[in-house]
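Everything numeric here is computed off the predicted structure, so don't read it as measured data.
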Amino acid sequence: MLAPLLLASLSLFTHCSEGPKKSDKPTVSGTPAEAAAAAPADTISKKTDFPPIDKKLYDSINVRHANGDTSGKWPVKKGPYPLPGAVLPFKRVIAYYGNLYSKKMGILGELPPNEMLAKLKGEVKHWEKADPKTPVQPALHYICVVAQGDAGKDGKYRYRMPFKQIDSVLTIAKKINALVFLDVQVALSNIQTELPLLEKYLSMPHVHFGMDPEFSMKDGSKPGKKIGTYDAADINYVSGYLAGLVKKNGLPPKMLVVHRFTKKMVTNTPGIKLRPEVQVIMDMDGWGEPELKAGTWRYFIKNEPVQFTGYKLFYKNDIKKAPHHMLTPEEVLKYKPQPNYIQYQ
């Protein structure tokens, strides 16, 4: 039964990331030459002002979020306790995803900011009602490096959004005390080049990171022609870089979202390193009818545990096929384990 599901996932669960058109003229912010070397993971830690983690509470919440799973895989037993100030699993993050240049990449850019924030607050209330035991933290998940059909001057098929747009997202988020995730689609570039360019933002305590294997085209293919990939080594580079920033600046742990809806999108998952400074979220990024989404979750998230889990809901694509229904919070909470991070596109 697995092979047909995999084929269905490839054909039906495609990311609906249509980037800004070339006419939108996003400004390139920074160049590889401006990228600083990765912050070393052994940086001397700056003292934080957050209270220590309640380890018994941390463990008990993870058990509760495992939701009665009997596979023995959840909650994840490996890995260290997080540094003080960790968001997960104490809160569930509810995020709106998109780009301010495009109405087709997600709800974040589809609606005017105040209307978008009002809708997000409505979703937050729904999740609070569905699971009163878990506080909800709103977030904006902004695609700041976008894979493109046009090669651009450097032939990398990606556009970096101007810093002024990232600043706009931070300003919008502040209105409802939302966190911000900066998401990167590297195309023919690579994560080692793109990540350091965002250091000034990732040095802020409320800014986190997302990496999208779908558009990591290591074989030189144009983005959108096939599904890309990241290895555990790429994820470990990112978590090591973020860990260095956390230590250097005395920050709470960073959340790292890794999108996934096929097996080959993330290779060597057992090799992903867990760190006290970073909370890794494997985000089920597939769209389609409820049965197909459940299958993708089961094979690529539940059966390959890393640390925390995410689940993506599509306002438009999830209702394209019968039964034309986007899952409700109550339905998603029936999953084993329950997702810690929910993203709406």
Response to the item:
Between Phe181 and the options Tyr341, Phe209, Tyr97, the ring pair (Phe, Tyr, Trp, His ring centres under 6.0 Å) test singles out Tyr341

Worksheet entry | Residues Lys302, Asp69: salt bridge by 4.0 Å N-O rule | yes

Worksheet item: Under 3.5 Å, side chain of Gln185 to main-chain N/O of Ala147, donor-acceptor pair present?
Response: yes

Item to complete: Tell me, with the steps shown, if Leu170 and His206 meet side chain to side chain contact (heavy atoms under 4.5 Å, CB included).
Response: CA-CA 9 Å; Leu170 291 171; His206 61 300; 3.8 Å; yes

Discussion item. Using every non-hydrogen atom in the two residues, find where Pro84 and Pro52 come nearest and quote the distance to one decimal.
Written reply: CG-CA, 4.0 Å

Item to complete: For Met265 and Pro213, work out which heavy atoms get closest and say how close.
Response: O-CB, 3.2 Å

Worksheet item: For the residue pair Phe261 and Phe300, is the inter-centroid distance of their aromatic rings smaller than 6.0 Å?
Response: no

Discussion item. Counting only heavy atoms not in Lys200 (residues, nucleotides, ligands), do more than 12 fall under 6.0 Å from its NZ?
Written reply: yes

Worksheet item: Roughly how far apart are Asp318 CG and Lys312 NZ, rounded to 0.5 Å?
Response: 10.0 Å

Discussion item. Can you confirm whether more than 12 heavy atoms, excluding those of Lys78, are under 6.0 Å from its NZ atom?
Written reply: yes

Worksheet item: Is Val145 close to Val186 at the side-chain level, that is, under 4.5 Å between some pair of heavy atoms?
Response: no

Worksheet entry | Glu110/Lys119 ion pair, N-O < 4.0 Å | no

Worksheet entry | Side chains of Glu123 and Ile107 in contact at under 4.5 Å (non-hydrogen atoms) | no

Worksheet, complete the sentence: Rounded to the nearest 0.5 angstrom, the CZ-NZ distance for Phe215 and Lys226 is 14.0 Å

Fill in: hydrophobic_cluster_shared for Leu197 and Leu188, side chain cutoff 4.5 Å
no

Discussion item. If hydrophobic clusters are built by linking Ile, Leu, Val, Met, Phe, Trp and Tyr wherever their side-chain heavy atoms come under 4.5 Å apart, do Met211 and Ile272 end up in the same one?
Written reply: yes

Discussion item. For a side chain to side chain contact (heavy atoms under 4.5 Å, CB included) check, start with the C-alpha distance between Met255 and Val257, then their side-chain angles and the critical distance, and finish with the verdict.
Written reply: CA-CA 6 Å; Met255 288 179 281; Val257 173; 5.5 Å; no

Worksheet item: So, the side chain of Gln307 versus the backbone of Val280: is there a donor-acceptor pair under 3.5 Å, distance only?
Response: yes

Worksheet entry | Cluster overlap Ile281 with Val306, hydrophobic side-chain contacts below 4.5 Å | no

Item to complete: Indicate if Ile301 and Leu256 have the same hydrophobic cluster label, given that clusters are the connected sets of ILVMFWY residues with side-chain heavy-atom separations under 4.5 angstrom.
Response: yes

Fill in: Donor-acceptor contact present, side-chain Arg260 to main-chain Thr262, <3.5 Å
yes

Discussion item. Could you tell me if the side chain of His208 sits less than 4.5 Å from the side chain of Gln279, heavy atoms only?
Written reply: no

Worksheet item: Roughly how far, to the nearest 0.5 Å, is CE of Met284 from CG of Leu313?
Response: 8.0 Å

Fill in: Short side-chain to backbone donor-acceptor contact, Glu115 and Pro112, under 3.5 Å
no

Worksheet item: What's the verdict on side chain to side chain contact (heavy atoms under 4.5 Å, CB included) for Arg92 and His65, showing C-alpha distance, side-chain angles and the deciding distance?
Response: CA-CA 10 Å; Arg92 177 172 286 113; His65 287 172; 4.0 Å; yes

Worksheet item: For Lys77, does the NZ atom have more than 12 heavy-atom neighbours from other residues, nucleotides or ligands under 6.0 Å away?
Response: yes

Practice prompt. Specify the closest pair of heavy atoms between Glu330 and Ala130, including all atoms of both residues, with the distance to one decimal.
Written response: OE2-CB, 3.8 Å

Worksheet item: Do you know which two heavy atoms are closest between Val246 and Pro252, and how far apart they sit?
Response: CG2-O, 3.7 Å

Worksheet item: Ile342, Leu140: one ILVMFWY side-chain cluster at the under-4.5 Å cut-off?
Response: yes

Worksheet item: Is a side-chain donor or acceptor of Ser216 paired with a backbone partner of Gly228 at a separation under 3.5 angstrom?
Response: no

Worksheet, complete the sentence: Ile166 and Cys144 have their tightest heavy-atom pair at CD1-CB, 4.1 Å

Fill in: Between CG on residue Asp283 and NE2 on residue His141, distance to nearest 0.5 Å
7.5 Å

Worksheet item: Are Tyr58 and Leu88 side-chain neighbours, meaning at least one heavy-atom pair lies under 4.5 Å?
Response: no

Discussion item. Determine whether a donor-acceptor pair (N or O, by modelled atom type, separation under 3.5 Å) exists between the side chain of Lys254 and the backbone of Val207.
Written reply: yes

Item to complete: Look only at the side chain of Asn62 and the backbone of Val76, and say whether a donor-acceptor pair between them is shorter than 3.5 Å.
Response: no

Item to complete: Drop me the distance from Met161's CE to Asp183's CG, to the nearest 0.5 angstrom.
Response: 12.0 Å

Item to complete: Verify the ring-centre separation between Tyr159 and Tyr101: is it less than 6.0 angstrom?
Response: no

Worksheet item: Is the shortest heavy-atom distance from the side chain of Lys218 to the side chain of Asp234 under 4.5 Å?
Response: yes

Discussion item. What verdict does the side-chain hydrogen bond (donor to acceptor under 3.5 Å, both in side chains) test give for Asp167 and Tyr201, after you've listed the backbone C-alpha separation in whole Å, the side-chain angles of each residue and the deciding distance to 0.1 Å?
Written reply: CA-CA 9 Å; Asp167 294 337; Tyr201 293 106; 2.8 Å; yes

Worksheet item: Is there side-chain contact between Leu198 and Tyr241, with heavy atoms separated by less than 4.5 Å?
Response: no

Worksheet item: Are the side chain of Arg275 and the backbone N or O of Asn236 linked by a donor-acceptor pair below 3.5 Å?
Response: yes

Worksheet item: Is Asp212 reaching over with its side chain to a backbone N or O of Glu214, donor-acceptor style, under 3.5 angstrom?
Response: yes

Practice prompt. Run the numbers on Lys73 and Asn303 for side chain to side chain contact (heavy atoms under 4.5 Å, CB included), then give the verdict.
Written response: CA-CA 8 Å; Lys73 296 180 178 181; Asn303 285 357; 3.9 Å; yes

Item to complete: Determine the minimum heavy-atom distance between Val258 and Ile235, stating which atoms define it.
Response: CG1-CD1, 4.0 Å

Worksheet item: Would you find more than 12 non-hydrogen atoms of other residues, nucleotides or ligands less than 6.0 Å from Lys91 atom NZ?
Response: no

Worksheet item: Checking Gln338 side chain against Thr309 main chain: does a donor-acceptor pair fall under 3.5 Å?
Response: no

Item to complete: Please say whether more than 12 non-hydrogen atoms of neighbouring residues, nucleotides or ligands are located less than 6.0 Å from NZ in Lys174.
Response: no

Worksheet item: Mind checking whether Leu108 and Met105 have side chains closer than 4.5 Å, heavy atoms only?
Response: no

Item to complete: Report yes if the side chains of Met116 and Tyr96 come closer than 4.5 Å at any heavy-atom pair, otherwise no.
Response: yes

Item to complete: With sequence neighbours left out, write down each residue that passes ring-ring contact (aromatic ring centres under 6.0 Å, His included) with Tyr311, or none if nothing qualifies.
Response: Trp297, Tyr335

Worksheet item: Got a second to check how far Trp127's CH2 is from Thr134's OG1, nearest 0.5 Å?
Response: 10.0 Å

